[in-house]
Amino acid sequence: MNSSLPTILVNGQVSEQISVLDRGLAYGHGLFETVRVDNGKPLLLTQHLERLKAGCDRLYIEWPEKTESILTQEITQLCAGANAMVKIIVTAGSSGLGYAIPEVQTPLRLVIRFALPDYPLEYQTKGIAVCTCDYRLGYQAELAGLKHLNRLDQVLASTEWRG
């Protein structure tokens with residue numbers, strides 16, 4: 001496996017495929033966390049997993065009993081000794097047509113390893129340029145504070161960065 005490419009686990013299996021019926025894809029019914037890994041050690045992992053579980057509770061996504069230990073094991077498997085970024089995605093799994101949350105869920109776990117960004121050293125010494133976007137993020141109190149999968153506001157705001 002080429003270490004410069006992301007490594008992906010889908011429910012613990014090496015894969016790059018998920019069902020087209022997945023609720024995360026169809027409805028944005030899922031959450032994510034991005035974790036820095038230094039020398040194989042995920043930083044602040046307990047806090048990331050606590051926030052992920054709390055978000056799943058708020059979005060009515062099942063969180064099976066051993067999910068935290070399974071995710072920890074999967075991250076350890078992907079990042080042994082590595083410096084990397086890991087993106088964890090949890091969705092409500094696959095379902096048929098319709099917005100209603102299925103009574104029976106089989107949540108989907110994605111764990112994706114990325115190489116660390118190679119930022120120029122001058123960012124640390126000279127700083128970076130920032131901008132204020134004209135596009136304003138929507139506000140939905142029920143979703144406030146969640147790292148949910150619907151990031152369209154951020155996608156649209158990012159179009160202004162190409163100035």
Side-chain angles (χ1 to χ4, degrees), residues 2-11 13-37 42-45 47-63 67 71 74-75 78-79 82-102 105-120 122-124 126-163:
N2 184 338
S3 63
S4 66
L5 297 175
T7 302
I8 304 168
L9 295 179
V10 178
N11 288 334
Q13 303 299 312
V14 175
S15 180
E16 291 186 8
Q17 299 177 357
I18 63 169
S19 170
V20 297
L21 299 176
D22 185 79
R23 293 183 62 82
L25 177 63
Y27 305 114
H29 192 186
L31 299 137
F32 73 94
E33 288 287 327
T34 306
V35 181
R36 168 75 186 252
V37 178
L43 304 182
L44 304 172
L45 184 60
Q47 294 88 336
H48 283 289
L49 294 177
E50 286 173 357
R51 181 168 51 191
L52 194 58
K53 181 185 184 310
C56 284
D57 290 345
R58 287 178 53 194
L59 292 184
Y60 305 99
I61 297 173
E62 291 183 16
W63 185 267
T67 300
L71 285 169
E74 291 172 353
I75 293 166
L78 287 182
C79 298
N83 292 320
M85 297 299 290
V86 171
K87 187 166 188 175
I88 305 166
I89 301 172
V90 176
T91 77
S94 295
S95 68
L97 189 61
Y99 296 126
I101 297 171
Q105 290 181 28
T106 304
L108 177 78
R109 289 183 327 277
L110 296 167
V111 179
I112 309 165
R113 182 189 73 199
F114 294 94
L116 290 176
D118 187 20
Y119 296 122
E122 68 185 43
Y123 285 7
Q124 295 178 34
K126 295 182 181 178
I128 60 170
V130 297
C131 69
T132 302
C133 296
D134 291 328
Y135 184 89
R136 294 288 165 237
L137 301 180
Y139 179 77
Q140 169 44 266
E142 293 296 317
L143 299 178
L146 293 179
K147 295 178 92 174
H148 56 80
L149 295 183
N150 181 346
R151 308 315 276 179
L152 285 176
D153 279 335
Q154 290 79 357
V155 168
L156 293 174
S158 76
T159 63
E160 297 181 33
W161 300 348
R162 295 184 185 100

Keeping [X] on the side-chain end and [Y] on the backbone end, is there a donor-acceptor pair under 3.5 Å?
X      : Y     : value
Glu16  : Ile8  : no
Asn11  : Gln13 : no
Arg113 : Ile75 : no

Quiz item: Passes side-chain contact (heavy atoms from CB on, under 4.5 Å), Val86 versus Leu78? Steps please.
Solution: CA-CA 9 Å; Val86 171; Leu78 287 182; 5.6 Å; no
Between [X] and [Y], which heavy-atom pair has the shortest distance, and what is it?
X      : Y      : answer
Gln105 : Pro102 : CG-O, 3.9 Å
Cys131 : Trp161 : SG-CD1, 3.7 Å
Ala157 : Cys133 : O-SG, 3.5 Å
Arg23  : Tyr99  : NH2-O, 2.9 Å
Pro117 : Met85  : CD-CG, 4.1 Å

Side-chain heavy-atom pair [X], [Y] within 4.5 angstrom cut-off:
X      : Y      : value
Leu108 : Ile89  : no
Val10  : Gln17  : no
Leu52  : Trp63  : yes
Ile18  : Leu110 : yes
His48  : Pro42  : no
Ile88  : Glu74  : no
Cys56  : Val90  : yes

Exercise. For Leu43, look at atom CG and say whether over 12 heavy atoms of other residues, nucleotides or ligands are found less than 6.0 Å away.
Key: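 For Leu43, atom CG is crowded (more than 12 foreign heavy atoms under 6.0 Å).
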Practice problem: Only counting residues at least two apart or in another chain, list the ones meeting ring pair (Phe, Tyr, Trp, His ring centres under 6.0 Å) with Tyr60. | Solution: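 Scan of Tyr60 (ring pair (Phe, Tyr, Trp, His ring centres under 6.0 Å), adjacent residues dropped) gives none.
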Quiz item: For Tyr119, which residues count as a ring pair (Phe, Tyr, Trp, His ring centres under 6.0 Å) partner, sequence neighbours excluded?
Solution: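 For Tyr119, the residues satisfying ring pair (Phe, Tyr, Trp, His ring centres under 6.0 Å) (neighbours in sequence not counted) are Tyr123.
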Quiz prompt | salt bridge (Lys or Arg N to Asp or Glu O under 4.0 Å) contacts in which one or both residues fall within residues 49-59, not counting sequence neighbours | solution =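 The answer is Glu33-Arg51, Lys53-Asp57.
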Spacing of [X] atom [atom1] and [Y] atom [atom2] [to the nearest 0.5 Å]:
X      : Y      : atom1 : atom2 : value
Leu59  : His29  : CG    : NE2   : 5.5 Å
Leu146 : Gln140 : CG    : CD    : 10.0 Å
Ser95  : Leu21  : OG    : CG    : 7.5 Å
Leu25  : Leu149 : CG    : CG    : 10.0 Å
Ile112 : Thr34  : CD1   : OG1   : 9.0 Å
His148 : Leu31  : NE2   : CG    : 8.5 Å

Quiz prompt | With sequence neighbours excluded, residues passing side-chain hydrogen bond (donor to acceptor under 3.5 Å, both in side chains) with Asp153 | solution =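 Result, side-chain hydrogen bond (donor to acceptor under 3.5 Å, both in side chains) vs Asp153: Tyr135.
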Exercise. Taking side-chain hydrogen bond (donor to acceptor under 3.5 Å, both in side chains) as the test, write out the residues that go with Thr67, two or more places apart.
Key: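 If we apply the side-chain hydrogen bond (donor to acceptor under 3.5 Å, both in side chains) test to Thr67, skipping adjacent residues, there are no hits.
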Quiz item: With sequence neighbours left out, what residues match Arg36 under salt bridge (Lys or Arg N to Asp or Glu O under 4.0 Å)?
Solution: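 Per chain and number, Arg36 pairs via salt bridge (Lys or Arg N to Asp or Glu O under 4.0 Å) with Asp38.
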